[in-house]
Amino acid sequence: MVNLGLIGYGYWGPNLLRNFADLPRVKLAAVSDLDSKRLETVQRRYPGVRTTSDYRDLVRDPAIDAIAIATPVQSHFELGLAALRAGKHLWLEKPMTGTSDQARTLVDEAMKQKRVLLVDHTFVYTGAIRKMGEIIRSGDLGKVLYYDSIRVNLGLFQRDVNVISDLAVHDFSILEFLLGESPSAVSASGTNHFPGTPENLAYITLFYDSGTIAHVNVSWLAPVKVRQILIGGSKKMITYDDMESSEKVKVYDKGVSFTDDPEKIQEMRVGYRTGDMWAPKLDATEALRIEGDHFIDCIERGETPRTDGSLGVRVVELIEAATSSMRGRGESVHVRRQESKT
Ligand SMILES: NC(=O)c1ccc[n+]([C@@H]2O[C@H](COP(=O)([O-])OP(=O)(O)OC[C@H]3O[C@@H](n4cnc5c(N)ncnc54)[C@H](O)[C@@H]3O)[C@@H](O)[C@H]2O)c1
């Protein structure tokens, strides 16, 4: 049994607690939140789970093995470092930290303490993204030529983070997982339409040494909710619509081929292929349930999570690079790739 404590029971924390409560290998030990009303809700829903407004009560408790942190990003570093230093395994919400330096410090501390550090990039654990990963890795798609995402709605305007940190963060983690390659440069444009608030709209292009190109459009100012990804491969192409209730992922046997045959030089050199479309069956299990199980597996077996601290660092580096490019009106920014200090 893993004794688990949760810090932060606002919007996302309840989803974590509900899923952890369902895991047979987890015992919910305690929940901390600054808001006493939130703690009353915990007591009502989970009688027997201890509550406190001081997160240090969890950090100091030797009976707690693992801590999940679902507080606003500005507090992730301080709380995460305290938990790791106390020898706890750590589940940290996305984005991992406010800066990549902080993220690297947490990775180093987890290594020093020999503790599991999982960053909750939930999409990576969804049936749809896992299936897309399988298809890409099987070679069915051929070489990935492009990734094109639109993630817009009339979103909750955040005060402390911009739309890149709030929404593009999902594409950054999905891209790292699907491509297994980090971009070498990023160019982004975007704006805040309301003075004094973080940027609410951004168009981000990511360039990869392999030749793959990715584009991500994120906005909190759209009249409809759109969550679509297109992936073009040299053999096949994928569409993913997260708003569909079924058949979210479709694979199209479509593409083009070029001939260099001198005999055919006078003819059309482009061949178009339009074959079948199929919608693969997807695992409908809630992503947080799979991720929670995976976290416990990693703790019990000493394994590295699929979304570990180094993935978390790369995602924060991309947020920094894209934000810096956006503030420089689209100038190309090389993605920092600093090695961990240890
Ligand atoms: N993985 C996902 O898909 C996903 C989705 C939504 C939010 N998130 C992440 O979850 C985190 C929390 O987001 P949210 O929308 O739930 O925020 P929120 O503001 O709704 O909730 C945060 C809660 O943390 C509490 N809190 C803040 N500082 C604290 C402290 N020092 N000690 C104890 N409690 C403290 C607040 O009182 C609040 O109840 C963010 O990092 C966010 O990016 C992840």
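All of these numbers come straight from a predicted model, not from anything done at the bench. For ligands, and for the atoms within them, numbers begin at 1 and follow the listed sequence.
Around ligand 1 you find I7, G8, Y9, G10, Y11, W12, S32, D33, L34, A70, T71, P72, H76, E93, K94, P95, D120, T122, H170, each with a heavy-atom distance below 4.0 Å.
Note on residues 145-157: pairs passing salt bridge (Lys or Arg N to Asp or Glu O under 4.0 Å), not counting sequence neighbours, are R151-D171. Screening residues 70-93 for salt bridge (Lys or Arg N to Asp or Glu O under 4.0 Å), with sequence neighbours left out, gives no hits. Applying the salt bridge (Lys or Arg N to Asp or Glu O under 4.0 Å) definition to pairs two or more places apart or across chains, none involves residues 33-48.
Ring-centre distance between Y125 and H294: below the 6.0 Å cut-off.
Salt-bridge check for E176 with R306: failed, with every basic side-chain N at 4.0 Å or more from each acidic carboxylate O. Ionic pairing of D283 and R130 is present here: one or more N-O contacts between side-chain nitrogen and carboxylate oxygen are shorter than 4.0 angstrom.
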